[in-house]
Amino acid sequence: MIRYIRWCAYFCALLLVALLVNIARVQVWESAAYGANPANKRPAIERYAKPRGDILVDDRPVTGSRDSGQLLRYERTYTNGPLYAPVTGFSSQTYGTSFVERAEDAVLSGTDPGLSAFPLWYDLARGHPAGGNAATTIRSGMQLAAYAGLAGKRGAVAAVEPATGRILALVSSPSYDPAELSGTGARVKDAWARLNADPAKPMLNRALRETYPPGSTFKIVTAAAALDAGVVTDVDAPTRTPDPYPLPGTSTVLPNAATGCEDASMADAVQWSCNTVMAKIGVQVGLRAMVEAAGRFGFNAEGLRVPSWVSRSNFDTDMSQDQLALSAIGQFNTKATPLQMAMVAAAVANGGELKSPYLVERTTQDDGSPVRYGEQRSLGRAMNPATALRMQELMVKVVENGTGRNAAIPGAVVGGKTGTAQHGVGNAGTPYAWFISWAKAEGSPVPAVAVAVVVEDAAADRGDISGNSAAAPIARAVMEAALTPPP
């Protein structure tokens with residue numbers, strides 16, 4: 001009898017060991033697979049069981065959380081959603097996250113280890129601290145000025161602080177309200193379908209993700225390349241350029257929209273936007289030097305993040321001479337994001353040094369204790385300091401007595417460059433109006449802001465479209481806001 005009891009005890013012990021082994025297998029080796037199983041709702045329930053941390057502008061929240069009373073309890077809310085959508089992105093229980101909501105998701109959702117001095121404790125307790133906050137570099141007055149200036153037209157505005165790289169305004173138009181995507185159910189699915197089917201593409205962040213031919217605004221890069229390469233040593237010297245200019249190796253001639261461009265100097269070519277002169281200068285600089293110069297400004301660079309990823313701006317590395325001539329005036333295959341062209345203006349304003357743009361100033365715990373600070377980082381020198389000084393002078397002339405007079409601000413020093421970019425098959429598309437600029441208060445040692453504006457106004461008359469009329473007034477409003485001390 002004792003023998004049978006002993007065997008029964010052995011068998012029970014074996015079953016207990018098998019049970020413990022199976023528990024260990026499930027808890028350790030297969031936990032990741034079970035956690036990732038679409039049928040497992042516990043991670044989603046836990047994720048939305050607490051309010052999400054906030055995104056801040058001027059240290060005030062532009063996001064919030066609402067108790068929905070549903071299984072996924074807290075939904076995201078937005079203050080002035082369309083105004084800040086290109087910055088915040090959306091946080092959706094159905095479609096995930098985008099932009100700062102995505103880039104700083106670990107902090108905002110409370111899963112970042114930096115939110116606690118004892119992160120291991122939360123791992124053992126299977127919980128997480130309250131969501132932290134992400135304070136952006138955006139200035140509300142500048143953001144509103146850019147948004148109001150575009151007034152629903154397709155286009156974008158990017159503004160940066162030249163000395164640091166802080167992004168001060170980031171607007172894409174038309175916009176959308178990310179609150180429409182926050183929850184679950186038919187309402188959210190209908191909003192997603194409608195927004196994605198809209199031909200105006202309101203969910204496209206044109207400031208970061210869309211690339212446009214930069215047109216004549218790219219002449220700033222070409223002029224800087226010519227000065228750095230020694231191709232132009234005297235900006236006021238005649239260039240012996242015919243009008244129109246025969247594109248090298250072809251029977252095609254390049255005309256000017258401006259008058260008085262024949263034999264014009266480079267200074268006059270920038271001031272009045274002479275295509276012929278700048279195209280010829282680009283050919284004289286040569287393909288290799290032009291590619292290197294464009295690269296120093298940020299073209300062809302992969303992996304730029306602010307912290308959301310930014311589309312690559314392009315300057316072709318293999319071209320014929322006629323293609324190089326067109327690329328030197330921002331046409332052919334040259335493409336740039338509005339943020340990239342703001343970086344061009346910022347490099348000129350900052351004495352030639354290009355700072356990496358960034359959008360998040362700091363992340364904090366929910367009580368305001370810092371977690372991480374945004375990193376100010378140099379991308380190198382886009383041009384020599386002497387070249388930058390000369391380019392500042394040329395850009396000031398554009399605004400004082402050139403093609404960009406609508407950007408002038410009384411009591412401030414403003415430099416700018418207009419652009420009207422052709423696009424489409426045979427240039428049949430309605431041109432894009434561009435303006436890039438920088439501004440500093442009179443007497444200030446350094447410029448406060450660099451701005452890029454692009455307007456795709458398909459409803460406008462083709463002959464009325466210009467950077468000075470469509471884009472420069474928007475840039476002026478943003479620069480005025482930048483020069484106004486924040487409250």
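Heavy atoms only: backbone and side chains are in, while hydrogens, waters and symmetry mates are out. Throughout, residue positions are numbered sequentially from 1 according to the sequence presented. Because the structure is a prediction, the values reported are computed rather than measured.
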I'd like to check [X] versus [Y] (side-chain heavy atoms, cut-off strictly below 4.5 Å). Are they in contact?
X    : Y    : result
S65  : R76  : yes
D105 : S91  : no
T136 : T88  : no
F90  : M203 : yes
Q376 : R166 : yes
N256 : W272 : no
Q70  : T184 : no
K219 : S273 : yes

Polar side-chain atom of [X] near backbone of [Y] as donor-acceptor pair, under 3.5 Å:
X    : Y    : answer
E361 : G374 : no
S68  : E75  : no
T77  : G64  : yes
N196 : W192 : yes
T164 : K355 : no
W434 : P213 : yes
S173 : S175 : no
N406 : N468 : yes

Please determine if [X] and [Y] form a salt bridge, counting it only when a charged side-chain N lies under 4.0 Å from a carboxylate O.
X    : Y    : value
R73  : D67  : yes
D54  : R60  : no
K201 : E210 : no
D316 : K335 : no

Residue pair V306, L208: steps toward the side-chain contact (heavy atoms from CB on, under 4.5 Å) verdict: CA-CA 9 Å; V306 295; L208 300 181; 4.1 Å; yes

Spatial distance of atom CG (N333) from atom CG (L326) [nearest 0.5 Å]: 10.0 Å

Atom pair CD1/CG of I220 and L394 - distance to nearest 0.5 Å: 7.0 Å

Under the salt bridge (Lys or Arg N to Asp or Glu O under 4.0 Å) test, residues paired with R312 that sit two or more places apart: E302

Pair T337-Q340, side-chain hydrogen bond (donor to acceptor under 3.5 Å, both in side chains): steps then yes or no: CA-CA 5 Å; T337 62; Q340 171 61 69; 5.7 Å; no

Over all atoms of both residues, closest heavy-atom pair of A156 and P338: CB-CG, 3.8 Å

Heavy-atom pair with the smallest gap, counting every atom of A407 and V399: C-CG1, 4.0 Å

Over 12 foreign heavy atoms within 6.0 Å of CZ, R194: yes

D367 atom CG, over 12 foreign heavy atoms within 6.0 Å: yes

Worked verdict on R52 versus T97 for side-chain contact (heavy atoms from CB on, under 4.5 Å): CA-CA 12 Å; R52 187 172 173 83; T97 54; 4.0 Å; yes

Pair L181-T94, side-chain contact (heavy atoms from CB on, under 4.5 Å): steps then yes or no: CA-CA 8 Å; L181 306 176; T94 306; over 6 Å; no

Centroid-centroid under 6.0 Å between F218 and F315 rings: yes

Stepwise side-chain contact (heavy atoms from CB on, under 4.5 Å) check, Q143 with V62: CA-CA 13 Å; Q143 186 81 359; V62 295; over 6 Å; no

